[in-house]
Amino acid sequence: MLDIKLIRDKPDFVRQRLATRGAGDEKLIDGILQADDARRKALAEVETLKATRNRVSKEIGALMGQKKLPEAEAKKAETKTLGDKIAALDAEAKAADATRDELMLRLPNLPHESVALGKTAEDNPLVRTHGEKPSFAFKPKSHVELCQSLKLVDFERAVKLSGSGFLLYTNWGAKLERALIQYMLDLHTTQHGYTEVSPPYMVNEDCLVGVGQFPKFKDQYYGVAEGDKVEELGKLYLIPTAETPVANIHREELLAEKLLPIFYCAYTPCFRGEAGAAGLGTRGMIRVHQFDKVELIKIVKPEDGYAEQEKMVANAERVLQSLGMHYRVISLCTGDMGFGSAKTYDIEVWAAGQGSYLEVSSVSNCEDFQSRRMNMRFKTEAGENKFPHILNGSGTALARLFVALLETHQQADGSVLIPEPLQKYLGTSRIATA
RNA sequence: GGAGAGAUGGCUGAGUGGUUUAAGGCACACGCCUGGAAAGCGUGCGUAGGUAACACUACCGUGAGUUCAAAUCUCACUCUCUCCGCCA
């Protein structure tokens with residue numbers, strides 16, 4: 001959520017920054033200003049009436065205390081109609097307030113000034129690349145072929161269980177998935193200063209509103225109900241990312257300044273409806289309804305936000321570097337950035353069998369956009385209450401990393417070499433057909 | 001699923017219709033005291049809106065209601081805790 005004062009004071013600036021996203025969000029500003037104005041007018045009026053009522057009520061109380069009943073009754077009659085006017089104006093202010101908030105919650109964050117202007121992914125500037133595309137003396141196989149020949153994933157039976165878009169990892173596939181999760185958690189908690197947390201996989205609506213997934217994108221998530229109680233649908237949702245519960249850990253809290261910065265790291269599965277997503281019906285592991293991810297979250301002072309974002313990207317890159325992967329880092333342009341982000345870096349890992357780069361990490365600084373929605377603040381030493389910057393980044397997403405790992409380290413004989421750091425977690429240096 | 005208790009500022013905790021302008025305590029900040037500190041004493045100290053600054057308004061889990069006036073009374077709801085039942 002943006003600061004209403006910023007919208008009030010610099011509406012043209014806000015419109016101009018929103019317009020760079022190319023989604024037409026700047027059109028909401030007029031409605032917001034209108035509702036804000038109506039709210040303020042109604043409040044100014046009703047507050048004056050309330051002041052009168054409070055004053056007279058106190059006089060009545062004093063008169064009653066002195067047993068001057070006739071005078072008290074006269075005062076009562078005087079303020080009798082005040083209540084109705086107050087109620088009407090209160091309702092007016094409340095309605096305007098609701099309208100304003102409804103629009104405010106649908107307004108995306110302003111892109112940071114350093115973000116390149118652009119419309120689509122084609123306009124995303126390349127920041128850097130690491131390593132080179134591996135060369136093969138044979139035609140590299142796709143992960144689907146490798147998973148089948150090495151029996152790492154049973155695509156057909158996963159469909160039987162849950163339909164398309166779900167994966168059944170088997171044998172070394174299941175172990176590799178687990179090894180990757182554990183390796184990344186250990187790396188971030190022992191080398192990068194993050195504290196591990198394991199959050200609920202179902203959260204309430206407030207959490208989704210807090211990070212900006214609701215109300216605008218409500219149709220993309222899985223709601224759950226206990227038993228056959230359809231009326232409970234909408235109370236809890238499967239998390240689309242660990243960001244949803246973890247970023248909300250301190251919602252509605254007033255943190256002591258000395259607690260910052262807070263670094264959290266969490267593994268969770270992620271559940272996404274992916275309604276209308278192209279290619280979901282096809283085989284493979286690139287876009288699925290459920291995948292695993294190790295997520296990084298930082299809650300920091302505003303002045304540290306962007307420096308911490310650079311460090312977070314480096315933390316995610318370290319995973320890929322240590323696994324011997326070729327990847328590139330790109331900076332998302334204004335038109336390609338997510339709803340709550342002010343600045344985002346994507347890390348894309350090379351998948352040789354696919355012959356393409358796969359997004360495995362997205363590192364965003366949402367500035368105070370989310371902390372405002374959550375009413376999460378910290379008190380400075382000067383006694384001022386401020387909204388912290390909240391950052392999130394994948395460190396990294398699985399399934400796609402799994403794919404790139406297989407396709408990068410495949411051998412001519414159809415086996416896959418396991419990078420050294422993973423070997424102790426997996427218990428082998430090579431996965432081969434039995 | 002059953003029974004009971006509860007929800008008040010950063011924390012704790014009083015408060016059954018009008019000196020509550022939410023007591024007291026803790027924590028915190030500043031001052032006095034001290035060689036320095038602790039203790040003690042004094043002052044300040046909730047959040048948000050509003051104002052040039054005051055004033056003023058709202059907020060005691062949420063939402064309605066009664067009243068001139070609600071933390072306090074009524075109704076509904078949510079959540080938490082304890083015990084019992086079921087259960088990995």
Side-chain angles (χ1 to χ4, degrees), chain A residues 1-9 32-33 35-102 104-105 198 200-210 225-229 231-237 245 248-260 262 299 368 371-388:
Chain A
M1 187 147 57
L2 301 181
D3 186 353
I4 184 65
K5 286 181 188 158
L6 179 68
I7 298 177
R8 238 181 247 155
D9 297 343
I32 289 172
L33 286 173
D36 184 52
D37 196 50
R39 173 181 168 275
R40 281 155 65 90
K41 281 196 174 124
L43 278 181
E45 198 175 339
V46 77
E47 284 181 3
T48 309
L49 293 179
K50 282 180 179 174
T52 305
R53 183 178 72 181
N54 288 346
R55 182 172 45 74
V56 176
S57 287
K58 235 172 248 180
E59 289 169 10
I60 292 171
L63 290 170
M64 301 275 274
Q66 297 162 33
K67 304 284 182 201
K68 295 181 178 170
L69 296 183
E71 287 94 329
E73 289 302 326
K75 291 273 186 191
K76 279 191 194 182
E78 185 186 316
T79 51
K80 190 95 180 167
T81 56
L82 220 48
D84 295 338
K85 286 185 198 162
I86 289 172
L89 279 168
D90 259 343
E92 206 175 296
K94 199 175 165 186
D97 195 52
T99 303
R100 189 188 73 171
D101 283 352
E102 160 73 16
M104 291 278 284
L105 284 174
S198 180
Y201 300 164
M202 295 189 279
V203 293
N204 60 30
E205 182 164 350
D206 290 339
C207 290
L208 288 142
V209 171
E226 188 183 344
D228 57 359
K229 296 175 187 164
E231 69 277 10
E232 282 194 0
L233 272 173
K235 282 183 72 177
L236 289 174
Y237 295 83
N248 274 288
I249 287 174
H250 300 288
R251 66 172 298 119
E252 307 278 347
E253 289 185 25
L254 182 55
L255 301 164
E257 185 175 26
K258 64 186 176 204
L259 288 175
L260 301 183
I262 295 172
I299 301 168
D368 58 8
S371 50
R372 282 180 192 282
R373 288 173 162 249
M374 295 172 191
N375 196 24
M376 179 202 297
R377 294 161 301 164
F378 69 97
K379 188 180 278 293
T380 65
E381 304 221 348
E384 197 183 354
N385 295 334
K386 294 173 109 172
F387 293 103

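For clarity, every value in this text was computed on a predicted model and none was experimentally measured.
In this entry the distance linking CG of A:Asp97 with C1' of B:U57 reads 14 Å, nearest Å. Distance A:Lys85 NZ to B:A69 P: 14 Å, rounded to the nearest Å. Computed from coordinates, the A:Glu73 CD to B:C68 C1' distance equals 9 Å when rounded to whole Å.
Across all strands shown, A:Lys235 has heavy atoms under 4.0 Å from sugar-phosphate atoms exclusively, and none from any base. Across all strands shown, A:Arg8 has heavy atoms under 4.0 Å from sugar-phosphate atoms exclusively, and none from any base. Residue contacts shown for A:Thr79 are limited to sugar-phosphate atoms, with no base heavy atom under 4.0 Å away.
As the counterpart of B:C45, no nucleotide is assigned, since no Watson-Crick or G-U wobble pattern has both distances under 3.5 Å. Of all nucleotides present, none satisfies the Watson-Crick or G-U wobble test against B:G85 with each distance under 3.5 Å. The pairing partner recorded for B:U67 is none, the criterion being a Watson-Crick or G-U wobble arrangement whose two distances lie under 3.5 angstrom. The base-pairing partner of B:A5, taking Watson-Crick or G-U wobble contacts with both distances under 3.5 Å, is B:U80.
For B:C79, the OP1/OP2 oxygens have no side-chain nitrogen or oxygen of A:Asn204 closer than 4.0 Å. Listed pair A:Lys50 / B:G49 fails the phosphate criterion, with no side-chain N or O lying under 4.0 Å from OP1 or OP2. In terms of phosphate contacts, A:Arg377 brings a side-chain nitrogen or oxygen within less than 4.0 Å of OP1 or OP2 of B:A48. Residue A:Asn54 places no side-chain N or O under 4.0 Å from the OP1 or OP2 atom of B:C56. A:Lys379 has a side-chain polar atom (N or O) that falls below the 4.0 Å cut-off from OP1 or OP2 of B:U47. Residue A:Arg40 places none of its side-chain N or O atoms closer than 4.0 Å to OP1 or OP2 of B:G49.
Counting heavy atoms from C-beta outward, A:Asn248 and A:Leu208 have side chains that stay 4.5 Å or more apart. Side chains of A:Asn204 and A:Tyr237 form no contact here, defined as non-hydrogen atoms less than 4.5 Å apart.
Here the separation of B:U21 from B:U74, taken at their C1' atoms, is 28 Å to the nearest Å. Across the C1' atoms, B:C45 and B:G31 are found 15 Å apart, a figure rounded to whole Å. Between B:A22 and B:A70, the two P atoms lie 14 Å apart (nearest whole Å). Distance noted for atom P between B:C32 and B:G24: 25 Å (whole Å). Nucleotides B:U62 and B:C79, compared at atom P, are 15 Å apart to the nearest Å.
Side chain A:Glu47 to base B:G50: no donor-acceptor pair is found below 3.5 Å.
Toward the 5' end of RNA chain B, the nearer of the two residues A:Lys75 and A:Ser57, judged by each one's closest nucleotide, is A:Ser57. Comparing A:Lys5 and A:Ala51 by the nucleotide of RNA chain B whose heavy atom lies nearest to each, the residue mapping closer to the 5' end is A:Lys5.
Side-chain atoms of A:Arg373 come within 3.5 Å of backbone N or O of A:Leu105 as a donor-acceptor pair.
In plain terms, the two heavy atoms of A:Arg100 and A:Arg39 that are nearest each other are NH1-NH1, 3.4 Å. Pairing each heavy atom of A:Val203 with each of A:Pro245, the nearest pair is CG1-CB, 3.8 Å.
Each of B:G18, B:A58, B:G49 was ranked by its minimum atom distance to the side chain of A:Arg53; first place goes to B:A58. In this structure, of B:G49, B:G63, B:G18, it is B:G49 that holds the atom nearest to the side chain of A:Arg39.
A salt bridge does not link A:Lys5 with A:Asp9: none of the charged nitrogens is closer than 4.0 Å to a carboxylate oxygen.
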